[in-house]
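Heads up: the structure comes next, in structure tokens.
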Amino acid sequence: MEHFQIAIDGPSGSGKSTLARSVAQKLGILYLDTGAMYRACGLYAVDNNVSTKDESAISELMDSIDIEIVFVNGAQKVFLNKADVTDRIRLPGISQAASDVSRFRIVRERMVDMQRQIAGEKNVVLDGRDIGSYVLPNADFKFFLTADIRERAKRRLEEMLSKGVHDMTIEEVMADLEYRDEQDSNRAFAPLKKTSDAIEIDTTANTPQETLLALLGCLPKSILENAHDKDIL
Ligand code: DC
């Protein structure tokens with residue numbers, strides 16, 4: 001297969017980015033984390049003290065936003081009006097801000113244009129909420145990840161602890177995830193959705209390696225034979 005696209009969708013904490021990163025590494029293809037782009041929009045609103053729920057204020061803000069995605073040795077960096085915000089978009093509070101602003105059509109249209117442009121140039125794996133359903137409806141391979149809410153919250157909490165954030169309980173993380181999933185699944189424009197042609201992988205009881213093998217097992221031999229890292233199965 002000459003040129004191919006892999007779409008990975010699912011709710012927060014289902015393991016999308018870990019999976020997409022390892023797939024990209026194994027196959028030697030580009031990984032685009034689309035959530036990072038909405039996070040940059042959310043951060044811009046927060047930095048400018050604009051309510052992330054105010055559609056007309058956010059629309060106005062979109063006139064002065066410049067988001068650039070740069071890949072350095074395969075690692076994605078995000079620039080917001082020329083400043084590197086790769087780390088700041090992961091700060092607590094920005095997840096919710098990203099979910100809020102991602103509901104608005106103008107924000108999505110701008111980000112989706114960039115995503116399609118990047119995905120059209122190379123073999124890619126994209127992760128997000130609407131990749132298979134809206135951004136790349138003709139993607140060659142579509143996956144939809146799920147996991148129990150408690151397991152997802154546990155993963156998020158571990159991630160936060162590893163970054164030195166110690167001030168949330170598992171119940172609080174669960175409540176945040178539930179709120180965000182609900183908002184992402186019920187927005188009017190391009191909501192989180194499993195398409196009928198997506199392969200569902202429940203990652204609750206899986207190690208990252210098991211989930212990777214489940215995905216690679218769905219790809220044709222022609223792709224696996226051309227993989228960057230041949231030590232696959
Ligand atoms: O994947 P993430 O947690 O970094 O995404 C942050 C928010 O961005 C998420 O709550 C919803 C939004 N998002 C989206 O609407 N569509 C995408 N393709 C990716 C993320």
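Note that the structure is predicted; figures quoted are calculated from it, not measured. Every number for a ligand or one of its atoms is a count from 1 in the order of the listing. Only this structure's heavy atoms are used, side chains among them; waters, hydrogens and symmetry mates stay out.
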Check your understanding: Other hydrophobic cluster members with Val72, side-chain heavy atoms of Ile/Leu/Val/Met/Phe/Trp/Tyr under 4.5 Å, chained?
Key -> Val70, Phe79
Check your understanding: Of all residues at least two apart in sequence or in a different chain, which pass the salt bridge (charged side-chain N to carboxylate O under 4.0 Å, His left out) check with Arg129?
Key -> Asp184
Review point. So with a 6.0 Å cut-off around CD of Glu200, is the heavy-atom count from everything else above 12?
Key: yes
N or O contacts of ligand 1 with protein under 3.5 Å, please list pair by pair.
{"from": "ligand 1", "atom 1": "1 (O)", "to": "Arg129", "atom 2": "NH1", "distance (Å)": "2.9"}
{"from": "ligand 1", "atom 1": "1 (O)", "to": "Arg129", "atom 2": "NH2", "distance (Å)": "3.4"}
{"from": "ligand 1", "atom 1": "3 (O)", "to": "Arg39", "atom 2": "NH2", "distance (Å)": "3.1"}
{"from": "ligand 1", "atom 1": "3 (O)", "to": "Arg129", "atom 2": "NH2", "distance (Å)": "3.3"}
{"from": "ligand 1", "atom 1": "3 (O)", "to": "Arg180", "atom 2": "NH1", "distance (Å)": "3.1"}
{"from": "ligand 1", "atom 1": "4 (O)", "to": "Arg39", "atom 2": "NE", "distance (Å)": "2.6"}
{"from": "ligand 1", "atom 1": "4 (O)", "to": "Arg39", "atom 2": "NH2", "distance (Å)": "3.4"}
{"from": "ligand 1", "atom 1": "10 (O)", "to": "Arg180", "atom 2": "NH1", "distance (Å)": "2.8"}
{"from": "ligand 1", "atom 1": "10 (O)", "to": "Asp184", "atom 2": "OD2", "distance (Å)": "2.7"}
{"from": "ligand 1", "atom 1": "15 (O)", "to": "Ser102", "atom 2": "OG", "distance (Å)": "3.3"}
{"from": "ligand 1", "atom 1": "15 (O)", "to": "Arg108", "atom 2": "NH1", "distance (Å)": "2.7"}
{"from": "ligand 1", "atom 1": "15 (O)", "to": "Arg108", "atom 2": "NH2", "distance (Å)": "3.3"}
{"from": "ligand 1", "atom 1": "15 (O)", "to": "Arg187", "atom 2": "NH1", "distance (Å)": "2.8"}
{"from": "ligand 1", "atom 1": "15 (O)", "to": "Arg187", "atom 2": "NH2", "distance (Å)": "3.0"}
{"from": "ligand 1", "atom 1": "16 (N)", "to": "Arg108", "atom 2": "NH2", "distance (Å)": "3.0"}
{"from": "ligand 1", "atom 1": "18 (N)", "to": "Thr34", "atom 2": "OG1", "distance (Å)": "3.0"}
{"from": "ligand 1", "atom 1": "18 (N)", "to": "Arg129", "atom 2": "N", "distance (Å)": "3.2"}
{"from": "ligand 1", "atom 1": "18 (N)", "to": "Asp130", "atom 2": "OD1", "distance (Å)": "2.9"}

Exercise for review: Quick one: list whatever passes salt bridge (charged side-chain N to carboxylate O under 4.0 Å, His left out) with Glu225, sequence neighbours left out.
Suggested key: none
Point to revise | Side-chain donor-acceptor pair present, Asn206, Thr211, cut-off under 3.5 Å | key: yes
Point to revise | Side chains of Ser14 and Arg152, donor plus acceptor under 3.5 Å | key: no
